[in-house]
Amino acid sequence: MGVTRVVVGLRHPLKHLRGKAIQLLRHQGIQVDVVGEDLQSKLFKEALGSCLIVNAPLLYRAAFHVPFSVLKYAMTADGKIAASTGHASWVSGKASRGRVFELRGRSDAIIVGGNTVRLDNPRLTARHVKGGHVPVRIVMSQSFNLPEEANLWNVHDAYTIVATQRGARRDLQKKLAMKGVEVVEFEMLNPRDVMSYCYDRGYLSVLWECGGTLAASAISARVIHKVYAFFAPKIIGGVNAPTPVGELGMKQMTQAIDLIDVSYEQVDRDMLMSGFLQPIPDLSPVIPSVDEIPSVDPEVSPYETNIISFYKTWDTFGAFANFSPHPISLPDENGDCFTWPTVEHYYQAHKFVSVDNPQARDIVQEIKQARSPEEAARIGRTRQRELPELVRSDWESTKIDVMYKAIKCKFSTHPHLTEMLLSTAGSVLVEASPHDLFWGGGREGEGLNYLGRLLMQLRSEILGTVQTTGKIEEST
Ligand SMILES: Nc1c(N[C@@H]2O[C@H](COP(=O)(O)O)[C@@H](O)[C@H]2O)[nH]c(=O)[nH]c1=O
């Protein structure tokens, strides 16, 4: 006699996963009660509250399309995060700093501003456990006014990204890039655009350990969801000593942001207060209205057919995206079988394969070693832009075949993906990239959607509804 009843605290916030397990269990004759639906009482109301808090990162990310962002600071009893000289070690005690390492260990990235780099020269590593998760370190600096030497530029500690304004200090950008730091330029550097970028990289949770100026800017941009404030029983004084949050433009105390679901905890001699700035989003199923789904094919009215759009690996059918973590084994530039971490790695590298030039061969190697599909794409795209002469001359006419070969390998290597693809029979597949109008469908369906088309082509071939077309076939 196995499990006879399951109580579910929260339905999955991601549409394509929501309700699947509940349905399966009920089909097996197991009683499934969903809190807030089948179970209503004061006790279950509290239980639901706890489930929301535990799942906050995924709920915020799914609802706002930015990672769940936590602002953390340590402050003396008189409200300072450092002495007026900027000296700050240490405000909070060893136990509190241990808790910070744990927080870092649960974050995909840590964000600081340029000021913090100059003043603290931080390492921003989660040093409490050996071999633990190593978050990416992100420096936001508009001016790129950064020191040439800094702990953060030692990328052996952790991957480091500097987000800056387009064109800032190109000379210094190159110097840091040579050290392995990834520099990402933004038209207008601001917290929301950086968070959208982090969302696209698949980050679930980000920890802001920045100074008051950047903290205020992030709060004003409404990208901060939770605060962890460590209070130390110390008085440091200092008229100009820095405080945790800079200018928010509030003139009356009644405008202050009231934290929600606040918890208090003593940590050795310090006090830790944490709370949410915005209520945790309630993602009970919302059926998207038809006009929310971009119509891809003008002839096909969205009223008659189902359009499945995918983009980020987190999204509905995200496994169809080229960035999805599904390795493929295909011959490399020497014809040796190589396990490409993702379709993206294979595709980007093949821009430079079979070009008889040592630099091209180096680029292929660089892409093969790229630690993420985003990095592979960044290398492939920047090299293609900067060194077009290194791209194979027949690229425009072969890139579709290259992509199709990789996709066929991906789906045959991972059968559950084929099942997922077949489950979309009858639907139009759209890669909803707003940037890439060749492979993507674009925001209003203005894109060519080649990735969607190749996936539908593959689906038809598997279903046997069309003969495999000679052209693509012979290139596989
Ligand atoms: N001084 C201070 C903090 N300072 C924050 O931690 C960063 C230093 O990180 P790391 O170099 O990895 O130790 C520093 O840049 C600032 O963001 N944090 C705290 O929890 N308590 C403290 O007393």
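Whatever order the structure lists them in is the order used to number ligands and atoms, beginning at 1. Bear in mind the structure is a predicted one, so any value in this text is a computation, not a measurement. We use all heavy atoms of the structure for the numbers below, so side chains are in, but hydrogens, waters and symmetry mates are not.
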Note to self: Measuring only between side-chain heavy atoms, which start at C-beta, is Leu272 closer than 4.5 Å to Tyr228?
What the structure shows: yes
Tested for side chain to side chain contact (heavy atoms under 4.5 Å, CB included) against Phe144, the lone hit among Val139, Asp171, Thr164 is Thr164
Would you please say whether a donor-acceptor pair under 3.5 Å links the side chains of Trp439 and Tyr347?
yes
Determine, for Arg137 against Glu209, whether the closest basic-nitrogen to carboxylate-oxygen distance falls under 4.0 angstrom. no
Contacts for ligand 1, heavy atom under 4.0 Å, by chain and number, are Lys72, Ala74, Ala88, Trp90, Val91, Ser92, Val100, Arg104, Thr116, Asp120, Pro122, Arg123, Leu124, Thr125, Arg127, Glu209
Can Ser96 and Asp270 be counted as having a side-chain donor-acceptor contact under 3.5 angstrom? yes
* Asked: Should Gln348 and Gln384 be marked as a side chain to side chain donor-acceptor pair (under 3.5 Å) after you check the CA-CA gap, both sets of side-chain angles, and the distance that decides it?
  -> CA-CA 9 Å; Gln348 293 295 343; Gln384 180 176 14; over 6 Å; no
